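Predicted model, so just to flag it, every value in this text is computed and none were measured.
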Amino acid sequence: MGQTQASITVVGSSHREDYVIPVGMTIAGLLALIEVDLTKLSARLTLGGGRPVELGAVIGRDIPSGSVITIVGTQESAQAVADDQRSRNNRRFRPALTATAFVFVASVVSLLGVLLPVLALYRDGYDMLPSLATDTWGRLGLGIVCALIWSCPLLAPSNAARGFALVTCCTAAGVSVGVAATPLPGSPTLLPVIVTWSCLIVASLVLFARPTPSARVNVQCFALIAVTVTVASLSALSSIRFAPLIFTASIFFVSLSPHLALQVPDHQVLDLPLVMKRLPSIRLTVLQPPSRITPLRVNKTLAEAYDRSRTILWNATIVALISGLLTAYQMPVGEETPYAGYATLALCLLAILALVTNARSKRDRLTHYGPRLAALAIWVTLFFAPGWDRYLLRSTGESSAPTLTFAQHVILPLSLCLLAVIVPVVALIRSGREPSALVGRIIDIIQGLSLTLLLPAATYGSGLFDLVWRKVL
């Protein structure tokens, strides 16, 4: 069967959009479909290398699928685009200011209502707090109030229950209730278990109130996290470090988030023989005919997949950040047999490569910079692992303070300064030309190798390999 659809990327002065259109459509038809008038913009169309594009060119015949079409305008067009961008920034400023103010107020209230009563249980000098604030029911009441405050954006009339806002608000509300409900200071080991299950309960309530695809995926992510943390906390396998295993799993979820997000219903599958072979029930004898595939249904499927992908990515990124910090800080490089420490160090470096290379294909700012910020935090934590002190003392027989001081005060700042120089230089180089296929292929190979080596490094660094080896022998 010949190809019936083609993909075209349209690049303007302030936007970049991908379109899937039928083969045979002309460029003029595409511009009419996306409502772009070249006469008003005083602009023209070019392909890669500056080759002009005729309005009568046929997509799929004259212009191959996957081409990038650039809208090149005159000074008046650039001024119009600049005015439009300025008006968009003004419209975005007010919601951004409101969100920043809400996060600041909610954070201050949570610190005063949740953190201070917990600190009062462990330290003296907090006698100014009333006894009701440090009581079990008092702390629980304050935690519920803080959780309700964090849940306000999720219950707003606007569709805010998706993506970063959904994950952040559910996490903050669950942490507020979980910390307040934990019997401290008697059982601190139950804190991560209670916190994760509290986040799951909050996410379930949000799903009950706002049943969206993002909320449904958010509940599934929190359920997986809660079960994993419960097994890791209550497991009798004390010789296994679960943080590297959780860290590795979260990196895989970060990489697989686009593949896990796209769910095409059976009645919209394009392969008709496959639809006719798959039955929703074994007792069903009459097959439902496949529904008609329309642009509205396709756009709805893609929009839901995009929301699910962002939700999975943010859940996996937060888990990768927390478990990665624990893995890097608790690196067992100072033990008598530091091979597990070497494997953990390799795991952290491979995870940093995977996070940095995975984020390059994201166009949303939060999903583009979120994994990279997590990688940067893990890199900084590696220099402050307590295991380095014992490792250097055992290796050299001398005090490790000068070496660690040199690494923390010289090597780490130099690496951060080098990163601060490389990032804008690379962005400046990429802004003036089209992406190189060779460079992209090399980065794909690096990402694939890092993901392939993650699991062996985590298996050995967590002690799971040693445990299985002792059981077998």
Side-chain angles (χ1 to χ4, degrees), residues 243-244 247-248 250-251 254-255 313-314 316-331 333-334 338 341-389 391-392 395-396 400-454 457-458 461:
F247 184 35
T248 303
S250 62
I251 298 298
V254 169
S255 302
L313 179 63
W314 272 111
T317 302
I318 293 175
V319 175
L321 175 61
I322 298 175
S323 58
L325 294 178
L326 291 176
T327 302
Y329 189 76
Q330 298 175 354
M331 186 168 48
V333 74
Y342 297 154
T344 305
L345 177 61
L347 169 64
C348 294
L349 297 179
L350 292 171
I352 290 174
L353 284 177
L355 289 174
V356 171
T357 55
N358 176 78
R360 64 188 175 88
S361 60
K362 303 297 187 298
R363 296 181 181 177
D364 184 74
R365 291 184 177 179
L366 291 177
T367 57
H368 184 76
Y369 294 108
R372 296 183 176 183
L373 291 177
L376 181 61
I378 295 170
W379 170 256
V380 174
T381 308
L382 284 174
F383 288 86
F384 297 92
W388 288 117
D389 194 359
Y391 173 74
L392 294 174
S395 301
T396 61
S400 59
T403 305
L404 291 178
T405 302
F406 177 77
Q408 295 173 1
H409 294 82
V410 178
I411 298 179
L412 178 59
L414 283 179
S415 64
L416 296 180
C417 293
L418 184 63
L419 179 65
V421 173
I422 291 177
V423 170
V425 170
V426 173
L428 184 62
I429 294 175
R430 291 186 60 184
S431 62
R433 63 182 65 182
E434 298 222 355
S436 173
L438 177 60
V439 175
R441 181 58 179 168
I442 293 175
I443 296 178
D444 289 338
I445 293 175
I446 294 175
Q447 182 182 358
L449 288 176
S450 62
L451 292 175
T452 303
L453 297 176
L454 270 178

Exercise. Which residues satisfy the side chain to side chain donor-acceptor pair (under 3.5 Å) test with Tyr329, sequence neighbours excluded?
Worked result: none
Seminar exercise, completed: Correct closest heavy-atom pair for Phe247 and Ser323 would be CA-OG, 3.3 Å
Problem set entry | Heavy-atom pair of closest approach, residues Leu313 and Thr317 | O-OG1, 2.6 Å
For this session: Considering non-hydrogen atoms only, spot the tightest contact between Gln447 and Ser255 and give its length.
Result: NE2-OG, 4.3 Å
For this session: Would you name the heavy atoms of Ile378 and Cys348 that are closest together and state the gap between them?
Result: CG2-CB, 4.4 Å
For this session: Indicate the atoms forming the closest heavy-atom contact of Pro244 with Ala458, along with that distance.
Result: O-CB, 3.9 Å
Problem set entry | Nearest heavy atoms of Val254 and Ala316, plus distance in Å | CG2-CB, 3.4 Å
Exercise. Going from OG1 on Thr381 to CG on Leu321, what distance comes out if it is rounded to the nearest 0.5 angstrom?
Worked result: 8.0 Å
Problem set entry | Non-hydrogen side-chain atoms of Trp379 and Leu382 separated by less than 4.5 Å | yes
For this session: Tell me, please, which residues at least two apart from Leu453 pass side-chain contact (heavy atoms from CB on, under 4.5 Å).
Result: Leu350
For this session: Side-chain contact test, heavy atoms from C-beta onward, threshold under 4.5 Å: evaluate it for Leu451 versus Leu454 and give yes or no.
Result: yes
Exercise. Sequence neighbours excluded, which residues qualify as side-chain contact (heavy atoms from CB on, under 4.5 Å) partners of Ala243?
Worked result: Leu326, Thr327
Side-chain atoms of residues 417-426: list all donor-acceptor pairs with protein atoms under 3.5 Å, sequence neighbours left out, distances to 0.1 Å.
none

For this session: Sequence neighbours left out, what passes side-chain contact (heavy atoms from CB on, under 4.5 Å) with Ile411? Give chain and number order.
Result: Phe383, Phe406, Ala407
Exercise. Out of curiosity, Ile446 CD1 to Leu353 CG, how far, rounded to the nearest 0.5 Å?
Worked result: 7.0 Å
Exercise. Would you call Leu376 and Leu416 a side-chain contact if the rule is heavy atoms closer than 4.5 Å?
Worked result: yes
Seminar exercise, completed: One should read off an interatomic distance between Arg372 CZ and Ile352 CD1, to the nearest 0.5 angstrom, of 13.5 Å
For this session: Apply ring pair (Phe, Tyr, Trp, His ring centres under 6.0 Å) to Phe384 and list each qualifying residue two or more places apart in sequence or on a separate chain.
Result: none
